[in-house]
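Nothing here was measured: the structure is a model prediction, and the numbers come from that model. Convention: sequence-line order gives letters A, B, ...; per-chain numbering from 1.
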Amino acid sequence: MTKSELIARLAELNPHLYQRDVERIVTTIFDEIAAALARGDRVELRGFGAFSVKTRDARQGRNPRTGESVDVSEKAVPFFKTGKQLRERLNTVR
Amino acid sequence: MAANTITRAQLSEAVYQEVGLSRNESADLLELVLNEISDALARGESVKISSFGSFAVRSKGQRIGRNPKTGEEVPILPRRVLVFRPSQLLRSRINNGHADSVEP
């Protein structure tokens, strides 16, 4: 499922809403999550999962092509931990 | 940097502010979005949200694990797990936020 398929599905379930508004709803949700992570905040959605930011230490990397060593500075990476309910749903026999 | 926790309340408030539906309807739509994504994943479909990231279901085979307390061997049954792969845009957005706070 892509973002546009998700929007189409939501529009189908909510015929009283403009497609434009459905798009804004979906965009707003993911923008808010991204903005929170960019501030270093956590986003916890019980039953679904939690987004957080983890820090990766600076390390000595290597250019795989030349073998030359390069300094890789500390960086932050987004992380998602699946919620209990969703994890269980993935494993219920269909 | 103070790490706050954002929950459904703040996300549905953002939808309320941005779209102009009632607070109730905003909360319902947020729930619907999460449910539709969960349903697709439970069906084994992956979900791609452009400029944010993608969620994919991966099947894991059986393996032998160990109870860390007793050292006892226990089989870990085959199962399905969810993996989230952040988009390049989300990765860079998070790192810029970080870099900004380090060197103003």
Ordered numerically, the heavy-atom neighbours of chain B under 4.5 Å found in residues 2-13 of chain A are A:Thr2, A:Lys3, A:Leu6, A:Arg9, A:Leu10, A:Leu13
From the list B:Asn35, B:Val33, B:Ile6, B:Leu11, the residue making the most non-hydrogen contacts under 4.5 Å with chain A is B:Ile6
Sort B:Val83 into side chain, backbone, both or neither according to what part of it lies under 4.5 angstrom from a heavy atom of chain A.
neither
Would you say A:Met1 and B:Leu41 are hydrophobically clustered, going by side-chain heavy atoms of ILVMFWY under 4.5 Å?
yes
Winner by heavy-atom pair count (cut-off under 4.5 Å) against chain B, out of A:Thr27, A:Val26, A:Val43, A:Leu37
A:Val43
Between the side chain of A:Arg39 and the main-chain N/O of B:Asn4, is any donor-acceptor distance below 3.5 Å?
no
Would you kindly confirm whether A:Val22 and A:Ile29 end up in one hydrophobic cluster when ILVMFWY residues are joined by side chain heavy atoms under 4.5 Å apart?
yes
Largest heavy-atom contact set with chain A, pairs under 4.5 Å, which of B:Pro78, B:Ser12, B:Ala14
B:Ala14
So, the part of A:Arg20 with a heavy atom under 4.5 Å from chain B: the answer is neither
Go through it in stages, so that I can follow the logic: the residues are A:Glu44 and B:Arg8, the test is salt bridge (charged side-chain N to carboxylate O under 4.0 Å, His left out), and I'd like the CA-CA distance, side-chain angles, deciding distance and then a yes or no.
CA-CA 8 Å; A:Glu44 187 177 310; B:Arg8 280 174 170 79; over 6 Å; no
Under 3.5 Å, side chain of B:Arg91 to main-chain N/O of A:Val77, donor-acceptor pair present?
no
Top residue by heavy-atom pair count (under 4.5 Å) with chain A, among B:Leu32, B:Leu77, B:Leu90?
B:Leu32
Max heavy-atom pairs within cutoff under 4.5 Å with chain A, candidates B:Glu36, B:Glu45, B:Glu25, B:Gln17, goes to B:Glu36
Any Lys/Arg nitrogen of A:Asp71 or A:Arg59 sitting under 4.0 Å from an Asp/Glu carboxylate oxygen of the other?
no
Is a donor on one side and an acceptor on the other found under 3.5 Å between the side chain of A:Asn91 and the backbone of B:Arg79?
no
Give a yes or no on whether A:Phe80 atom CZ has more than 12 heavy-atom contacts from other residues, nucleotides or ligands under 6.0 Å away.
yes
A:Phe51 ring center within less than 6.0 Å of A:Phe30 ring center
no
So B:Glu13 and B:Arg23, side-chain contact (heavy atoms from CB on, under 4.5 Å) or not? Walk me through it.
CA-CA 7 Å; B:Glu13 180 66 19; B:Arg23 281 206 163 83; 3.0 Å; yes
Counting distance only, does the side-chain N/O of B:Glu18 pair as donor-acceptor with the main-chain N or O of B:Val15 below 3.5 Å?
no
Interface residues of residues 47-70 of chain B facing chain A - heavy atom cut-off under 4.5 Å
B:Val47, B:Lys48, B:Ile49, B:Ser50, B:Phe52, B:Phe55, B:Val57
Counting distance only, does the side-chain N/O of A:Asp21 pair as donor-acceptor with the main-chain N or O of A:Leu17 below 3.5 Å?
no
Is it the backbone or the side chain of B:Thr5 that comes under 4.5 Å from a heavy atom of chain A, or both, or neither?
both
So for B:Ile37, is it side chain, backbone, both, or neither that comes closer than 4.5 Å to the heavy atoms of chain A?
both
Side chain, backbone, both or neither: which part of B:Asp39 has a non-hydrogen atom closer than 4.5 Å to chain A?
both
Under 4.5 Å to a heavy atom of chain B? For A:Ala35 that would be both
Under a 4.5 Å heavy-atom cut-off, does chain B meet the side chain of A:Asn14, its backbone, both or neither?
side chain
Contact origin within A:Leu86 toward chain B - heavy atom pairs under 4.5 Å
side chain
